[in-house]
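One structure below.
Note that the structure is predicted; figures quoted are calculated from it, not measured. Letters go in sequence order (proteins before strands), and every chain restarts at 1.
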Amino acid sequence: MSELHIYNSYTREKEKFVPSVPGHVGLYVCGPTVSGESHLGHARPYITFDVVYRYLTHLGYKVRYVRNITDAGHFEEEGREAVDKVAEKAHLERLEPMELVQKYTNLFHWGMRLFNNAEPNIEPTATGHVIEQIQMIQDIIDKGYAYEVNGSVYFDVKKYADKYPYGKLSGRKIDELLETTRDLDGQDEKRNKVDFALWKKAPPEHIMRWTSPWGEGFPGWHIECSAMSSKYLGEVFDIHGGGMDLQFPHHESEIAQSTIAHGCAPVRYWMHNNMITINGKKMGKSYNNVIKITELFSGNHPMLEQAYHPMVIRFYILQTHYRSTLDFSNEALQASEKAFRRLWEAYEVLQKLTAPLNNTAADKELDEKVNRFCNECADFMNDDFNTAKVLANLFELAPIINGIKGGQIKQDALSAATYQLMLDTFKTYLVDILGMQPLQVQQDGKIDKVLSLLAEIRKDAKARKDYATSDLIRNKLAEAGVMLKDEKDGSVSWTIE
RNA sequence: GGUCACGUGGCCGAGUGGCUAGGCAGAGGUCUGCAAAACCUCGUACAGCGGUUCGAAUCCGCUCGUGACCUCCA
């Protein structure tokens, strides 16, 4: 049995995973900024790290999963910005930050539920942790690595870099970063361009503001993650995840802040998922090429040929290793939809198969193959969460399962134990770890009764060779989104769109 | 400009030296009143050029191409 290895972005190597506290894992993932709707690109880290969370739990770790909500900062809502921020407006007409935050937080949660992402154990908000952030900033000032200018506080990166390996995570060299300073002369209050804000003074029109030792303002972008992760996971915790684009400057800054405040680097394993691209370009706000999650689910977007079920998106994401880029296209999503449908149906067939009672397999070679397919899944997950390979192996089982049902493979080809192993593998990997759910809505049984009746009438018609009637039933049901299938044994099954 | 990735069959995508994933699409076949599904068979691909090696998609070098980060960004 293999052991879990994780690719650590910090060392750029796969490392054996050993938690700092035996049996426990602290997992922190950068959450959404709730000033707008999440798009497909955002879905990737949340699904990726959901699987990480599920897998660690499966391995028996007690995981504390923390994912923040960034609800503080410089907030604008499309079409409601600038003007709304003017304080003279009547109160109810004004953009109320918490209203905005509430709206998009709810929408985010809605999306996460549909993706079947497990809820984090703690979902701290930045606005709820301003005190912790202020304390941390003060601590950094006291230690001489931050300075205050006109009500804002900046981190002294240059001083930090003299003593610590600033830029290691993102592969940046401090000297080069300092050099680029030249093209931006007159660079306001910072001592060096590389310095970043820990606290920003709030201009009069800024609506989100808190009192601090340095006047009214709001926390800088990076400090919230450091303050909240250390509060809930400790000064050193195991895994920090997020998108690759956050490596610099966000995560680099986190390391610097925490190193000064706590005297040690905060994270043991850094994990970064790659981007989703569209026509080869990163999907992102600045490229104006995003497809929002609501649009994906509804199909309401010029680039979408159809709506896509959340499980199809999830499957599509998990069919690729998380560190590879993943290109969006209707073709790819449609392929995923078909593929997932086939895989899930094989799983359902498997559950209905009558397992043999024999303890020995008639087809030893096949039996061994199936065992290998099943047992390899653990190795694949242990190899830096290779969900793509896990799915490939499950697909290998599909023709075997269908073959048994269809009679191409004899019932006793596999041993009873192997049947059970297949069942366990699907349940454990597809359902529990990859978090997949059926596309079909669970029916309450009434529909099934109606369909049974129709199937029976059709069966009678067929027996009388009244194909006009039997085809009418099938065609009309197809129009309604119900596919009837005549099985080999004379029974009829159906799937509902 | 600097730094770093990547370039796999029609499409999507695994793969860190030999055992040549997987999915979708396509072709042929079996089954079937028809249909759908399912099953069987079929593709020897790794940007180009050199090099290392008994042997490279996989290691090294160069060339070309694409992208990411350097500013808010999952």
Side-chain angles (χ1 to χ4, degrees), chain A residues 12 14 29-33 35-36 38-49 73-74 167 170-173 175-177 179-180 183-184 193-194 196 221 241-250 252 272-277 279-287 290 315-316 319-343 345-346 349 376 380 383 386-396 398-409 462 465-467 470-471 474-475 478 483-488 493-495:
Chain A
R12 291 165 200 239
K14 271 184 202 168
V29 174
C30 286
T33 301
S35 61
S38 296
H39 61 254
L40 175 59
H42 296 116
R44 171 111 99 147
Y46 305 131
I47 290 172
T48 298
F49 292 106
H74 190 76
S170 55
R172 237 141 280 242
K173 295 198 178 80
D175 295 336
E176 284 163 6
L177 289 169
E179 272 171 38
T180 54
D183 25 317
L184 289 168
K193 201 225 162 189
V194 282
F196 56 87
W221 176 35
M244 254 179 184
D245 51 354
L246 293 183
Q247 264 184 0
F248 189 89
H250 188 55
E252 201 71 69
H272 292 96
N273 64 275
N274 215 132
M275 303 292 103
I276 286 182
T277 58
N279 294 323
K281 275 241 175 357
K282 173 185 167 185
M283 185 178 286
K285 229 179 183 170
S286 36
Y287 296 100
V290 302
F315 188 81
Y316 153 79
Q319 256 188 311
T320 307
H321 186 81
Y322 75 91
R323 281 190 287 115
S324 299
T325 54
L326 171 57
D327 199 54
F328 165 87
S329 69
N330 282 285
E331 246 187 318
L333 251 355
Q334 282 159 9
S336 288
E337 183 176 317
K338 283 185 186 165
F340 176 56
R341 205 162 245 145
R342 194 166 93 86
L343 189 63
E345 271 171 26
V349 167
E376 278 175 343
F380 295 155
D383 185 14
N386 200 327
T387 56
K389 278 192 151 188
V390 169
L391 286 172
N393 265 29
L394 294 180
F395 269 111
E396 295 276 13
I400 297 170
I401 293 163
N402 289 328
I404 293 169
K405 183 194 173 200
Q408 294 93 341
I409 297 172
K462 273 174 64 177
K465 295 210 191 288
D466 176 8
Y467 296 122
S470 71
D471 287 351
R474 191 176 59 200
N475 294 341
M483 289 287 291
L484 287 190
K485 282 190 261 180
D486 293 332
E487 301 292 347
K488 264 215 160 107
S493 68
W494 53 80
T495 53

Just checking [X]: base, sugar-phosphate only, or nothing, at a heavy-atom cut-off of under 4.0 Å?
| X | value |
| --- | --- |
| A:Y287 | sugar-phosphate |
| A:L484 | base |
| A:G406 | nothing |
| A:L343 | nothing |
| A:H321 | sugar-phosphate |

With [atom1] as the reference atom in both, quote the distance from [N] to [M] in angstrom, rounded to an integer.
| N | M | atom1 | result |
| --- | --- | --- | --- |
| B:G48 | B:G65 | P | 15 Å |
| B:G67 | B:G61 | C1' | 23 Å |
| B:U8 | B:U66 | P | 14 Å |
| B:U16 | B:C24 | P | 24 Å |
| B:G10 | B:C46 | P | 10 Å |
| B:C6 | B:G13 | C1' | 14 Å |
| B:U20 | B:A14 | C1' | 13 Å |
| B:A45 | B:C40 | P | 25 Å |

So, is [X] near the phosphate of [N], with a side-chain N or O under 4.0 Å from OP1 or OP2?
| X | N | value |
| --- | --- | --- |
| A:N402 | B:C39 | yes |
| A:N330 | B:C12 | no |
| A:S324 | B:G13 | no |

Original post:
Who pairs with A:E487 by salt bridge (charged side-chain N to carboxylate O under 4.0 Å, His left out), at least two apart in sequence or on another chain?
Top reply: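 Result, salt bridge (charged side-chain N to carboxylate O under 4.0 Å, His left out) vs A:E487: A:K405.
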
- Who passes salt bridge (charged side-chain N to carboxylate O under 4.0 Å, His left out) against A:R323, sequence neighbours left out?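 Counting only residues at least two positions away or on another chain, A:R323 forms a salt bridge (charged side-chain N to carboxylate O under 4.0 Å, His left out) with A:D384.
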
Just the rounded figure in Å: distance from [atom2] of [N] to [atom1] of [X].
| X | N | atom1 | atom2 | value |
| --- | --- | --- | --- | --- |
| A:E376 | B:A14 | CD | P | 18 Å |
| A:M244 | B:C69 | CE | P | 11 Å |
| A:E252 | B:U71 | CD | P | 13 Å |
| A:N475 | B:A35 | CG | C1' | 8 Å |
| A:H39 | B:C72 | NE2 | C1' | 12 Å |
| A:L177 | B:C4 | CG | C1' | 13 Å |
| A:K173 | B:C70 | NZ | C1' | 13 Å |
| A:R341 | B:A38 | CZ | P | 12 Å |

* Counterpart residues, ring-ring contact (aromatic ring centres under 6.0 Å, His included), relative to A:H321 (two or more places apart) ->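 In terms of ring-ring contact (aromatic ring centres under 6.0 Å, His included), with neighbours along the sequence ignored, A:H321 is linked to no residue.
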
For a stem of at least 3 consecutive Watson-Crick or G-U pairs with distances under 3.5 Å, i pairing with j, i+1 with j-1 and so on, which stems involve RNA chain B?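 RNA chain B forms these stems: B:1-7 with B:64-70, B:10-12 with B:22-24, B:26-30 with B:38-42, B:47-51 with B:59-63.
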
**Report entry** Minimum-distance nucleotide to A:R44 side chain [options: B:A74, B:G67, B:A14]
**Finding:**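 Shortest atom-to-atom distance from the side chain points to B:A74.
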
Where do N or O atoms of nucleotides 29-33 of chain B meet protein N or O atoms at under 3.5 Å, pair by pair?
| residue | atom | partner | partner atom | Å |
| --- | --- | --- | --- | --- |
| B:G33 | N1 | A:D471 | OD1 | 3.0 |
| B:G33 | N2 | A:D471 | OD2 | 2.8 |

query: Is it true that A:D383 and A:K389 have a side-chain N and a carboxylate O under 4.0 angstrom from each other?
result: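 Result for this pair is no, no salt bridge flagged.
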
Electrostatic pair A:R341:A:E337 at N-O distance under 4.0 angstrom: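 Yes, charged N to carboxylate O under 4.0 Å.
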
> Do side-chain atoms of A:Q247 reach the backbone of A:S170 as a donor and acceptor pair under 3.5 angstrom?
Replying inline: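 No; judged by distance alone, with no hydrogens or angles, the pair does not exist.
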
Check your understanding: Between atom NZ of A:K465 and atom OH of A:Y467, what is the distance when rounded to the nearest 0.5 Å?
Key ->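 Here the interatomic distance stands at 4.0 Å.
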
* To do: Drop me the distance from A:F315's CZ to A:T387's OG1, to the nearest 0.5 angstrom.
  =>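 Answer for the CZ-OG1 pair, A:F315 versus A:T387, is 10.0 Å.
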
**Message:** Please compare A:M483 and A:G242 by the position of their nearest nucleotide in RNA chain B and report the one closer to 5'.
**Reply:**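 Result: A:M483.
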
With B for base contact, S for sugar-phosphate-only contact and - for none (protein heavy atoms under 4.0 Å), nucleotides 21-26 of chain B reads BSSSS-

